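Along the sequence shown, residues are numbered consecutively beginning with 1. Basis for what follows: all heavy atoms, side chains included, without hydrogens, waters or symmetry-related copies. Since we're looking at a predicted model, the values are computed, not measured. Each ligand, and each atom within it, is numbered from 1 in the order the structure gives.
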Amino acid sequence: MNFKIGKKMIEPTKILCLGRNYVEHAKEMRSQIPKSPLFFVKTVNTLVTDGNPIIYPKLLYNNPEYNQVDHEVELAFVISKTSKNILTKQAYDFIGGYSVFLDITARKMQISDRNMNFPWYRSKNFDSFGPIGPRIASIDEIQDPHNLEIQLKVNGKTRQKSNTKHMIFKIPEILAYLSKFTTLVPGDIVATGTPSGVGSIQPGDVIEASIDQIGTITHKVILGE
Ligand code: MG
């Protein structure tokens with residue numbers, strides 16, 4: 001799959017996401033703070049670009065056991081060169097730029113699966129559960145990716161507001177760690193975790209997610225099939 005973010009075409013093969021990378025978010029989820037980066041995968045069917053709807057599946061909406069879908073705004077970076085066993089000091093040579101990412105999550109399904117020691121896969125990978133954009137800010141544009149205001153509004157009201165300086169594991173460490181286990185290829189996306197303030201979305205809501213120096217993505221939530 002390839003698609004444009006702004007004017008740039010990217011061709012991701014995978015989206016790797018950090019869990020619990022902000023202390024305040026780990027606390028609000030009553031989860032332990034990980035000692036090393038905690039990863040899960042999202043698949044490319046989740047990706048939608050700025051302006052396209054987030055689809056709330058009827059499978060979730062009509063089932064009281066599963067009818068909670070949450071927003072999580074995250075800073076994402078996009079890989080520019082094949083990366084395997086990268087050293088932290090080399091990491092920025094392998095990153096092409098940054099974007100705004102939403103890790104949309106079927107929360108009740110995730111908690112239910114977690115409680116049964118099942119993987120998180122299905123709660124994270126419904127179509128359109130990975131909005132990204134509105135562009136890729138190049139690595140040269142962003143002087144310090146660990147000092148960017150990050151926020152998310154639902155229907156104009158602020159839900160999440162933080163700064164990427166609060167990330168537990170920083171980008172070089174994340175890429176070095178990840179590349180020990182998997183080869184990342186150009187276009188692959190790494191989402192760096194969400195700050196606190198995650199909450200539910202409903203069909204009809206309008207989500208605006210912003211990161212300073214990158215931009216804002218806007219997505220309406222619609223009820224799907
Ligand atoms: Mg997340």
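Here the shortest heavy-atom pairing between Y56 and V69 reads CZ-CG2, 3.5 Å. In plain terms, the two heavy atoms of I86 and S179 that are nearest each other are N-OG, 2.9 Å.
Take the N/O/S atoms of E74: the one nearest the Mg ion (ligand 1) is OE2. Note on D103: its N/O/S atom closest to the Mg ion (ligand 1) is OD2. When distances from the Mg ion (ligand 1) to the N, O or S atoms of E72 are compared, OE1 comes out shortest.
Electrostatic pairing of R20 and E28 does not count as a salt bridge here, judged by no charged N lying under 4.0 Å from a carboxylate O. Salt-bridge formation is detected for the pair E24/K27: a Lys NZ or Arg NE/NH1/NH2 atom is positioned less than 4.0 Å from an Asp or Glu carboxylate oxygen.
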